[in-house]
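Step one of this worksheet: look at the structure below.
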Amino acid sequence: MDRELSGRAAHMAEIGRKAEVQMAEMGVDDAFVDRLVETFYGRIVEHPTLGPVFEARLSGRWPEHMAKMKRFWSSIAFKNGAYAGKPVQAHSGIDGLQQELFHQWLTLFAETLRDIAPSPEAGAWFMASAERIARSLMLSLFYNPADDDPALRPKLPAA
Ligand code: HEM
């Protein structure tokens, strides 16, 4: 049992080391993760449609949110286990959260990366991660099996 546990710890440490090397090659470090979160949420607050949705939920709690989001992106990038939360639950019941807002969120994230990513590879890596997570959040929040009903698919005009 002990051997199993220490084997697992060694495996996790190895994953973390590999992630650090991969991030370093792209120019990503802790300072960049902090800057990404600061810059992105600075723009979120200014955004005409995203800003009010965040503000309504996070008013008075922004410092905690920022610290949490730094831990979140740190754990995605460095696989260091810095974040342990429940994103799906956290996004349930946010007033005014619609699928369209996710597209705006991703656009703003892409613009932020374009402006501040330390390398094109880093920008592409963070964008791909955000898209993957956004897709899974959207599925859990908005998926409607009825949308998959073949009878409801739009009919293509005959060629
Ligand atoms: C339109 C899109 C989005 C909106 C409006 C939104 C809004 C929010 C809000 C208001 C919170 C704070 C919840 C609370 O503490 O009460 C939150 C938390 C969080 N969001 Fe989003 N979010 C969006 C998309 C995303 C995406 C695409 C990601 C990941 C790539 C993400 C990751 C997170 C995480 C990790 C948390 C912390 C969850 C926890 O408490 O552990 N969000 N979001």
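Read the numbers this way: they start at 1 and go in the same order the structure lists the ligands and their atoms. Throughout, numbering of the chain's residues begins at 1 and tracks the sequence. For clarity, every value in this text was computed on a predicted model and none was experimentally measured.
A donor-acceptor pair under 3.5 Å is absent between the side-chain atoms of S59 and the main chain of A56, judged by distance alone. No side-chain donor-acceptor contact under 3.5 Å links T39 to the backbone of L36. Judged purely by atom type and a 3.5 angstrom limit, H65 has no side-chain atom pairing as donor or acceptor with the backbone of R61.
Considering backbone and side-chain N/O atoms, R61 comes within less than 3.5 Å of an N/O atom of ligand 1. Residue Y41 places no N or O, backbone or side chain, under 3.5 Å from any N or O of ligand 1. For a threshold of 3.5 Å applied to N or O pairs, the pair formed by H91 and ligand 1 contains at least one separation below that value.
At a heavy-atom distance under 4.0 Å, only side-chain atoms of I133, from C-beta outward, approach ligand 1. The proximity of K86 to ligand 1, defined as any non-hydrogen pair under 4.0 Å, is limited to the backbone. If you look at L106 next to ligand 1, there are no close heavy atoms at all, none under 4.0 Å.
Salt-bridge annotation for R17 and E14: present, with a side-chain N of the basic residue lying under 4.0 Å from a carboxylate O of the acidic one.
Nearest to atom 13 (C) of ligand 1 among the protein's heavy atoms is A90 O, 3.8 Å. Protein heavy atom at the shortest distance from atom 37 (C) of ligand 1 is K68 CD, 3.6 Å. Atom 5 (C) of ligand 1 has as its closest protein heavy atom F54 CE1, 3.4 Å. Ranking protein heavy atoms by distance to atom 32 (C) of ligand 1, first place goes to M69 CE, 3.6 Å. Protein heavy atom at the shortest distance from atom 9 (C) of ligand 1 is I94 CD1, 3.6 Å.
Exactly one residue among F40, F54, W62 makes a side chain to side chain contact (heavy atoms under 4.5 Å, CB included) with V45. That residue is W62.
What you find for H91 and L97 is that their closest heavy atoms are O-CD2, 3.6 Å.
Relative to atom 26 (C) of ligand 1, the option among F126, Y83, W105 with the closest non-hydrogen atom is W105.
The neighbour count for D115 CG, taken as heavy atoms of other residues, nucleotides or ligands under 6.0 Å away, is above 12.
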Stepwise ring-ring contact (aromatic ring centres under 6.0 Å, His included) check, Y41 with W73: CA-CA 13 Å; Y41 286 97; W73 280 110; 9.5 Å; no
